[in-house]
There are 2 protein chains.
Amino acid sequence: MEGDAMMPDAEAEDAAPAGDAASEGAPAGLPDAVAAQEAARHANARSARASALLHDYVELIDDLLNVEGEARPTDIARRLGVSHATAIKAIARLKREGLAHSRPYRGVFLTEAGRALAAEVRARHRLVVDLLRALGVPEDVAESDAEGIEHHVSGETLKAFERFLGR
Amino acid sequence: MEGDAMMPDAEAEDAAPAGDAASEGAPAGLPDAVAAQEAARHANARSARASALLHDYVELIDDLLNVEGEARPTDIARRLGVSHATAIKAIARLKREGLAHSRPYRGVFLTEAGRALAAEVRARHRLVVDLLRALGVPEDVAESDAEGIEHHVSGETLKAFERFLGR
DNA sequence: GGCAAAATGTAGCCTTGGCTTCATCATGGG
DNA sequence: CCCATGATGAAGCCAAGGCTACATTTTGCC
Ligand SMILES: [Mn+2]
Ligand SMILES: [Mn+2]
Ligand SMILES: [Mn+2]
Ligand SMILES: [Mn+2]
């Protein structure tokens, strides 16, 4: 620990009191309620970020099952651009969460919950892409941005997108 | 691969001559080029997700510095809804990345690069909120969704938003 | 001016989500 | 029919980003 050298060279510290706010000796910080609201927004974004990965897996597996008839770890990994080991670990988590099931060397399948989630995720993905396209975003960029945006679009916002697209 | 004949191919759309000779009993899997493109989109989203956290810290620190005159770990933590220890670890990372600097017990400051990034992040945040509002999303929902969406909006899409908002 | 409380920092634990490496399994071509 | 090869799975490493618990420093208040 190079914790030495902690001599506070008496700077013009108190020269920046920034004492805005009300008449009271209250702290300059903004009201608790506002900070709490902001914290809630960030917590919300963190939560969405946490489920984003599983959503993408479920969406992709559903697609593979529909288009190819089966969803193999290697294909999943290739489509996501990760190693097969990474895909297998995520698949284990999907199973733990009750979204998928599989037996060794037999490919992956979705549970009822998994299929329901996949449908929801796909609808959201498409709607986000459609909205971006409608705003003039080039197709490849729309697809790319949508891959991240989709996980942060609430039901309310989704409805707004639908309204705008006239649906 | 599988012997079944899976004809429903998404890539038979129109252009996109990336198709490999599909005349033979070629694998049902979609072309390498398409899978690679999809993998690239996911890689892009992963990368954006990775920098999202630091962006939020930088944006918040800049705001605290502007509004309060100082950015203290405890305030940062409260506004983000995380423990102060978590904030301090993130701040260490900001410093490592050359975005911030600080001395023990003295609050956090942004480097030139940090300020530049903050300006960019804030502009993006505002534009996303404005777009959502323009589409009829309620203010609190717009703020909440924007907190996540903002990190996945490319420059191209940003321009499209500006165009739509008439700027 | 001194001291208790608040703020800050450190240490260590956990999960997620990447990776590489190595072991095992399944299958199709010869 | 057999085994080379590719697919699958297991193990273990790493960084990020949460947390709690505890140590240290600063500050506000009497
Ligand atoms: Mn996605
Ligand atoms: Mn998607
Ligand atoms: Mn954000
Ligand atoms: Mn933001």
Side-chain angles (χ1 to χ4, degrees), chain A residues 1-11 13-14 17 19 24-29 39 42-57 64 68 70-97 100 102-108 151, chain B residues 1-3 25 27 29 39 42-57 64 68 70-97 99-100 102-108 151:
Chain A
M1 294 53 177
E2 65 297 319
D4 65 306
M6 55 255 309
M7 53 320 198
D9 45 291
E11 305 178 5
E13 197 51 65
D14 49 329
E24 307 304 325
H42 281 287
N44 191 266
R46 280 196 301 273
S47 154
R49 196 155 60 217
S51 32
L53 195 93
L54 292 196
H55 287 189
D56 281 340
Y57 270 89
L64 283 168
E68 311 284 346
E70 61 180 1
R72 298 194 159 276
T74 301
D75 295 324
I76 295 170
R78 197 181 67 245
R79 296 266 296 261
L80 290 177
V82 299
S83 76
H84 83 275
T86 294
I88 283 177
K89 277 215 298 190
I91 290 164
R93 200 176 147 211
L94 286 181
K95 290 161 76 170
R96 237 190 307 141
E97 313 247 342
S102 74
R103 297 205 333 270
Y105 300 95
R106 300 315 286 269
V108 185
H151 308 287
Chain B
M1 295 23 172
E2 62 287 341
H42 282 287
N44 191 266
R46 280 196 299 273
S47 155
R49 196 156 58 218
S51 32
L53 194 93
L54 292 196
H55 287 188
D56 281 340
Y57 271 89
L64 283 168
E68 312 284 345
E70 61 179 1
R72 297 192 160 276
T74 300
D75 295 324
I76 295 170
R78 198 181 66 244
R79 297 267 297 259
L80 289 177
V82 299
S83 76
H84 83 275
T86 294
I88 284 176
K89 275 216 298 191
I91 290 164
R93 199 175 148 213
L94 287 181
K95 289 160 78 170
R96 237 190 306 141
E97 313 246 343
L99 295 170
S102 74
R103 296 205 335 272
Y105 300 95
R106 249 41 259 214
V108 185
H151 308 286

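In what follows, every heavy atom counts, from backbone to side chain, and hydrogens, waters and symmetry copies are set aside. Letters A, B, ... mirror the listed sequences (proteins, then strands); counts begin at 1. Source: prediction; values computed, not measured.
Across the interface with DNA chain D, nearest-nucleotide mapping of B/Val82 and B/Arg96 shows B/Arg96 to be the residue nearer the 5′ end. Of the residues near DNA chain C, A/Glu97 and B/Ile88, the one whose nearest nucleotide (by heavy atom distance) lies more toward the 5' end is B/Ile88.
Residue A/Leu54 contributes atom CG, which lies 10 Å from atom P of C/dG18 at whole-angstrom precision. Across the protein-nucleic acid pair, A/Ile76 atom CD1 and C/dG18 atom P stand 14 Å apart, rounded to whole Å. Rounded to a whole Å, the CZ atom of B/Arg103 is 15 Å from the C1' atom of C/dG9. Between the C1' atom of C/dT8 and the CZ atom of B/Arg72 lies a distance of 9 Å, rounded to the nearest Å. In this structure, B/Leu53 atom CG and C/dT16 atom P are separated by 18 Å, rounded to whole Å. Whole-Å rounding puts the B/Lys89 NZ to C/dC13 C1' distance at 10 Å. One interatomic measurement links the two molecules: CG of B/Asp75 to P of D/dT26, which rounds to 18 Å at whole-angstrom precision. Taking atom NE2 of A/His84 as the reference point, atom P of C/dC19 lies 11 Å away to the nearest angstrom.
The nucleotide whose nearest atom lies closest to any side-chain atom of A/Tyr105 is, among D/dA7, D/dA21, C/dT21, D/dA7. Side-chain proximity of B/Ala85 to the nucleotides D/dC19, D/dT8, D/dG18 is greatest for D/dC19. For A/Arg49, the side-chain atoms get nearest to D/dG18 when compared with the rest of C/dT24, D/dG18, D/dC13. In the set C/dG18, D/dT20, C/dT16, C/dG18 carries the atom at the smallest distance from any side-chain atom of B/Arg46. Set against C/dG9, C/dG12, D/dT27, the side chain of B/Arg106 has D/dT27 as its closest nucleotide. Here the nucleotide nearest the side chain of B/Ser83, chosen from D/dT20, C/dG12, C/dG18, is D/dT20.
In terms of heavy atoms, A/Leu80 sits closest to B/Arg46 at O-NH1, 2.9 Å. The minimum heavy-atom distance between A/Pro73 and A/Ala87, with the atom names listed, is O-CB, 4.0 Å.
Within the 4.5 Å cutoff, no side-chain heavy atoms of A/Val82 are placed close to those of B/His42.
We find the NE2-CG distance between B/His151 and B/Leu54 to be 10.5 Å, quoted to the nearest 0.5 Å.
Under 4.0 angstrom from either OP1 or OP2 of C/dC19 there lies at least one side-chain N or O belonging to A/Thr86. For A/Thr74 and D/dT8, the shortest distance from a side-chain N or O to OP1 or OP2 is below 4.0 Å.
Considering B/Ile88, B/Leu64, B/Asp75, B/Ile91 in turn, B/Ile91 is the only one that fulfils the side chain to side chain contact (heavy atoms under 4.5 Å, CB included) rule with B/Val108.
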